[in-house]
2 protein chains.
Amino acid sequence: MTSDTSTEVQWLTAEQQTQWRSFRGGAARLFAALEHELERDTGLSTHEYEVLVRLSETPDRTLRMAQLADNLAHSRSRLTHTIRRMEEQGLVSRVPCVEDARGVNCTMTEKGWQVLVAAAPSHVQSVRDHLVDVLTPEQFAALGDAMETVRLHLTGGACHVE
Amino acid sequence: MTSDTSTEVQWLTAEQQTQWRSFRGGAARLFAALEHELERDTGLSTHEYEVLVRLSETPDRTLRMAQLADNLAHSRSRLTHTIRRMEEQGLVSRVPCVEDARGVNCTMTEKGWQVLVAAAPSHVQSVRDHLVDVLTPEQFAALGDAMETVRLHLTGGACHVE
DNA sequence: CCGTGGTTGTTGAACTGTCAACCAAACTGT
DNA sequence: ACAGTTTGGTTGACAGTTCAACAACCACGG
């Protein structure tokens, strides 16, 4: 779309549009490449990988479903489906929560841990190859800062990432 | 594979990890928000919107399926499905290509044009609200530059247009 | 010509994510 | 104590994506 001075819409400048497209296109291709390489090398999707990462960072490798969903910015139902599939693969297990009988605790199994440990080096290398090592440290830091600002703004600053 | 001084994995520093997570999390939430708002306000998915944008930028509002797929970084089959659905909605039409009997030209209909014109202001505003106006011009420019570098690296510098 | 190989685009099955409906348990106020 | 509301999580139907197989066509070298 080209800018149109006859409307009240505040269009993007040509420069902003180029930058926006670079961002969208670059991010889409980057995430697609990472997804593809992780799947190829380890059989995990990035979503499954992220689930394992989050669980691995808690003392008892356990999280409530809702916390996991919030952390990953996934819908509850999406997480339910994902966890069910991962449970079938033996990567995680679900146990009812004692303190809150509505709740469900999701725990990483030993197999899940081993799968994560085996997958991590390859994935980290992918992130390096396609993102971190392609940019200067300053560029990469700017990327992180900017997107953190975006995230805080989107979540009303109320999101704690743990 | 990069040449490494040892067989050990080169992990990300704590700082890099934070930045990477901010980037991934922020981008995921941003794209999800834009998708949701576009769908809510116009009934279009971002993929359909992008198809219409690309078509609108050619002189005759027409592109070959393969060019469209490359432009959007979508698989051929994905594009075929998307275009079939859009054709059912009357947004685009497909006609066999004269120069190359294998090919198919995808053209925007008048309805498609009107839908795009009606959708664009709302979408641009969303992009402003959640991204452009949240950052300084320098931050936003840095984002675009960095992701353009990433994109060029991923596509071997062989990707044109945009 | 013919055959081989590469390109273009489509198809259908399997998989993944979305959405709305739903149940059960926990809180809330009277 | 108890109806009404909120929260945690699941389910099933539906929509969109992926993947492999396929058909049709071009291009090029015998």
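Bear in mind the structure is a predicted one, so any value in this text is a computation, not a measurement.
- In the set C:dA20, D:dT18, D:dA13, D:dA13 carries the atom at the smallest distance from any side-chain atom of A:His81.
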Run the side-chain hydrogen bond (donor to acceptor under 3.5 Å, both in side chains) check on B:Gln67 and B:Asn71 step by step: do they pass? CA-CA 6 Å; B:Gln67 297 177 49; B:Asn71 250 310; over 6 Å; no

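- Counting distance only, with no hydrogens placed and no angle test, the side-chain atoms of B:Ser77 and the base atoms of D:dC19 include a donor-acceptor pair under 3.5 Å.
- Phosphate contact (OP1/OP2 of C:dG9, side-chain N/O of B:Arg64, threshold under 4.0 Å): present.
- With no hydrogens or angles considered, no side-chain donor-acceptor pair links A:His130 and A:Arg29 at under 3.5 Å.
- Comparing A:Asp100 and A:Arg78 by the nucleotide of DNA chain D that holds the closest heavy atom to each, the one mapping nearer the 5' end is A:Asp100.
- The side chain of B:Arg94 approaches C:dT10 more closely than any other nucleotide in the set C:dT10, C:dG17, D:dT10.
- Remark: the B:Arg102 side chain and the C:dT7 base include a donor-acceptor N/O pair separated by less than 3.5 Å.
- In this structure, of D:dT10, C:dT10, D:dT17, it is C:dT10 that holds the atom nearest to the side chain of B:Arg76.
- A salt bridge links B:Glu57 to A:Arg21: one of the charged nitrogens lies within less than 4.0 Å of a carboxylate oxygen.
- The side chain of A:Arg85 sits closest to C:dG17 out of D:dG9, C:dG17, D:dT18.
- The nearest whole Å value for the distance from the CE atom in A:Met65 to the P atom in C:dA25 is 17 Å.
- Comparing C:dT10, D:dG9, D:dC25 by their closest approach to the side chain of B:Ala101 singles out D:dC25.
- For B:Arg85 and B:Glu88, the salt-bridge test fails: no basic side-chain N is under 4.0 Å from an acidic carboxylate O.
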